[in-house]
Amino acid sequence: MPLVQTTRAGLEALLRVRQLDRTLSSLPPLDPYDEYAVGATGVTTLDAIVGGGFPRGQLSEITGARSSGRASLVLRLLASATARGELVALVDALDMLDVESASAAGVALDRLLWIRGDVVAHPGLCHDINPRAMERAIRALSLVLTAGHFGLVVFDAGEAPARALARLPFTTWLRLQRMVEGCQTICVLVGSEPMARSAAGITVQVRRAEGRAEGRAEGRGQRGEGMAEGRERGTRGATFSGRSFEGFEIEARVVRASARTREDASAALVTRAVPHV
Amino acid sequence: MSLVDIAQEFSPRYERHRDDLVSIDVRGLERLLGSPRAIAYELRREAADRGVRVHVAVAGTRMAALVLALVRPGVTVVDRGEEAVALAPVPIGVLERVLEQTDDHDDQPQSSQSSQRNLGQKSSASSSSAPRQARGIPSLPRDAVSVLQQWGIRTLGELAALPAADLAARLGPQGLVCQAVARGEDLGPLVPTLADERFESSIELEWPIEGFEPLSFVLTRLLEPISTRLERRDCGAAVLHVFLRLVTGDQHARRLELPAPLRDVRTLRALALIDLESHPPPAAIDAVTVVIDPTPGRVLQHTLFARGSTGSPRPERVEGRAHPTPDALSTLLARLGALVGQDRIGAPATVDSYRPGAFAMKPFAIDHDLDNHRRDRRARRESFVEDSAISASSAVNVVAALRRCRQPVPARVVVAGGRPVRVTTDRPSYAGGAVLASAGPWRTSGNWWKQSSVASRQSVVGVRNQSAVDGRPATVGAELSTGNGRLSTAWDRDEWDVALADEAVYRIFHDRETDGWCIDAIVD
């Protein structure tokens, strides 16, 4: 028995020397202010639930249904990354980026490499178009990740037909995961359903919230005026006021996370619409 | 045949002042051709054989030879140390002629001019691209020459004899320049004109090759020596030409304009191969020629702490972040261009237009100005701090983004009370449904004043639906493009933001010209 104890003590000491005495559950939390570990979104409530920001060198995901706020969150990520001085890339599989929205969100457009895919929502009789276009988009994503040194790379397939995504081999995501590991790049996949993520990545599911965020009318300037009257109900957080669409409320929930980030944490965000010209 | 070609055959040290005025350093030619006079006659004979009539002067200084070649026909040889004596009887007006020579040059064709040769036994000066000023010739003051003539100075000898201090006191430095020319003194060393180096390499293949793998090895072999020469000249490749002679006798030529000066063999080879993959030769390759248009290389000063392309994954905290190198970015953009098309990659840009969804594509910059960006970054960071403070208090910090349908989705819209109440489409992915809430209309129109755009609008077809509600027919809109490339077409529409029963929020519009409805964007 003493021999066993001695051996165990020696083993533990050896593990400590080798720094192998930590388990996934005992990993130290990432420094939320270390921009070389995480990429903050700039939204305090969201950063709080994702451990300071989206982790670098990992594959993360933003999922949600149509009009759930995925694109809004992506533009926020792009804006905060370009504000940090990083180059960012957007592989836009369906070529749906609205440049005006991106500019309004604060994205430094000259630092955004925009790769416009040609996946079509309705291929008609040309059934082979989408799989080939999706493969091209994945290849473009691979090239960008291989080049390295982009602070944020987003693969946006939010409106891609599910069949086009389903035809991709699962090894695709493993390969992408291996490409991004060890880099300073945040790779974010955007889709309606979870596709893949690396071990230390996070999956944020967004949806429109029913309730109202507190203090929404503050700091909104003239667009906040008159919101109390004429607001439509039953639109799942979307706010309409008279002739203008004001925005909608988003609930972001961490559905899958690494040991460092707490799952099922959620944050409420409110979006504001770009005014009509 | 130009004077430069003749000068190149006699000495590598020559300086081209103009097309018709060249200085040649003939030191060392004595053992080959004989005395200076023999050299001069040999030059004249060589030029005459090629149909060029030249005047040749050989002197100990470049300036003396230059002036004598201008004023004396035929061959003039001056012994070393006798330059001032030889120049003494030359009229003072030659100073003006030196100036006139530079001015007249642009007006007279080369063939009509008598060529003049200046054989300096010492060195002389070099090249600039100034069009009106001959290279290596100092800018002689016009006013000084006229003043000298007013003083009664008639020859260069009289000018050379004037006291230099008094001359400088009256005419300033320009007077001393005139006197130096009169004495035949060089005002600067000869800077040899370097022949334009051609960065070209070619190879004749023993067996025709097909496919890009063997071509890759050939390109590497051709590019390596060119890259070495570019490095020695501190140049980079601005344009890469690849000429492939095919077995059919045709030539397959490709021209790549590089976004940044490059000389890395692997990068150049990768770019050439990517381009050839997009534009493959139609037959097997018989011979390969690579030509590079050089440009001065880039001068880069990396920050001490920024992580390089092969740095550690976790660098020290630094002010700026590492970016992809221009080489890597160039290769990436070329690969992406070959994959998805050059017109589908770049940096987005807003345009000065009210057209919904209008945008422009700019080439993605290779070199980002870090200094400027640091200043911008500081300002942005301050604004983000403010935004974060707002977000912490009110959670309002996100812009409701649109997803644009580059090809608007035709929709059936039922209108009641002047507002859309139901939106449906024929496409399964846009189920549509009852309108739960709507905002609008926002009327926007433009380019209606352009005749061509009106004509293009007439090609747009709207299909009327059978049903009509509230006096306004529901229609199926035609395919209207709001994307890039259609900026000149007219538009006239009423936009609505609608929340549908399928829990999505859309931006739809009613095209007033065709009376059709379309889904233009998804609020996401």
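In what follows, every chain begins at residue 1, and chains take the letters A, B, ... in the order their sequences are listed. Note that the coordinates shown come from a computational prediction; the quantities given were computed from them, not determined experimentally.
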Q: Roughly how far, to the nearest 0.5 Å, is the OG atom of Ser353(B) from the CD atom of Glu100(A)?
A: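 Going from the CD atom of Glu100(A) to the OG atom of Ser353(B) covers 10.0 Å.
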Q: Cation-pi check, Arg66(A) to Tyr506(B): give yes when NZ or CZ is under 6.0 Å from the six-membered ring centre and within 45° of the ring axis, no otherwise.
A: no
Q: For Val74(A), which atoms come within 4.5 Å of any heavy atom of chain B: side chain, backbone, both, or neither?
A: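 Contact with chain B: none, neither part.
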Q: Among Leu143(A), Leu113(A), Ile115(A), which has the most heavy-atom pairs under 4.5 Å with chain B?
A: Leu113(A)
Q: Identify whether the distance between the nearest side-chain nitrogen and carboxylate oxygen of Asp156(A) and Arg403(B) falls below 4.0 Å.
A: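 Between Arg403(B) and Asp156(A) there is a salt bridge, with a charged N closer than 4.0 Å to a carboxylate O.
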Q: Measure the shortest side-chain to side-chain distance between Leu75(A) and Val399(B) over non-hydrogen atoms and say whether it is less than 4.5 angstrom.
A: no
Q: If you round to the nearest 0.5 Å, how far is CZ of Arg116(A) from CG of Leu336(B)?
A: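 If I round to the nearest 0.5 Å, the distance is 14.0 Å.
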Q: Between atom CG of Leu97(A) and atom CZ of Arg406(B), what is the distance when rounded to the nearest 0.5 Å?
A: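 Taking CG in Leu97(A) and CZ in Arg406(B), the distance rounds to 6.5 Å.
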Q: Walk me through it: do Leu332(B) and Thr146(A) pass the test side chain to side chain contact (heavy atoms under 4.5 Å, CB included)?
A: CA-CA 9 Å; Leu332(B) 171 65; Thr146(A) 307; over 6 Å; no
Q: Ser103(A) versus chain B, heavy atoms under 4.5 Å apart: side chain, backbone, both or neither?
A: side chain
Q: Quick one: pull up CG in Leu402(B) and CE in Met96(A) and give me the separation to the nearest 0.5 Å.
A: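 Result: 10.0 Å between the selected atoms.
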Q: Side chain, backbone, both or neither: which part of Val91(A) has a heavy atom under 4.5 Å from chain B?
A: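 Neither; nothing under 4.5 Å.
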Q: Between Ala347(B), Ala401(B), Ala504(B), Pro348(B), which shows the greatest number of heavy-atom pairs under 4.5 Å with chain A?
A: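 When all of Ala347(B), Ala401(B), Ala504(B), Pro348(B) are compared, Pro348(B) has the most.
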Q: Give the C-alpha distance, both sets of side-chain angles, the deciding distance and a yes or no for side chain to side chain contact (heavy atoms under 4.5 Å, CB included) between Phe245(A) and Trp496(B).
A: CA-CA 9 Å; Phe245(A) 165 62; Trp496(B) 293 81; over 6 Å; no
Q: Between Leu333(B) and chain A, which part of the residue has a heavy atom less than 4.5 Å away: side chain, backbone, both or neither?
A: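 Only the side chain of Leu333(B) comes within 4.5 Å of chain A.
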Q: How many angstroms lie between atom CG of Asp98(A) and atom CG of Asp524(B), to the nearest 0.5 angstrom?
A: 11.5 Å
Q: So which of Thr350(B), Ile345(B), Val523(B) has the biggest tally of heavy-atom pairs under 4.5 Å with chain A?
A: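 Maximum pair count with chain A is reached by Val523(B).
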Q: Could you tell me which non-hydrogen atom of Asp497(B) sits nearest to which non-hydrogen atom of Phe240(A), and how far apart they are?
A: O-CE2, 3.2 Å
Q: Holding to salt bridge (Lys or Arg N to Asp or Glu O under 4.0 Å), I want the full list of residues that pass it with Glu251(A), two or more places apart in sequence or in another chain.
A: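 Testing Glu251(A) for salt bridge (Lys or Arg N to Asp or Glu O under 4.0 Å), a comparison that skips the adjacent residues, returns Arg207(A), Arg253(A).
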Q: With a 4.5 angstrom heavy-atom cut-off, is it the side chain or the backbone of Leu339(B) that approaches chain A, or both, or neither?
A: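 Both backbone and side chain.
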Q: Do you know which of Ala71(A), Ala140(A), Ala104(A), Gly158(A) has the most heavy-atom pairs with chain B at a distance under 4.5 angstrom?
A: Ala71(A)
Q: Dump the intermediate steps for side chain to side chain contact (heavy atoms under 4.5 Å, CB included) on Leu329(B) and Phe150(A), then the final yes or no.
A: CA-CA 10 Å; Leu329(B) 264 182; Phe150(A) 280 88; 3.9 Å; yes
Q: Would you mind telling me which of Ser101(A), Ser72(A), Ala65(A), Gly69(A) has the largest number of heavy-atom pairs within less than 4.5 Å of chain B?
A: Ser72(A)
Q: Is it the side chain or the backbone of Leu109(A) that comes within 4.5 Å of chain B heavy atoms, both, or neither?
A: both
Q: For the pair Arg344(B) and Asp95(A), find out whether any cationic side-chain nitrogen is under 4.0 Å from an anionic carboxylate oxygen.
A: yes
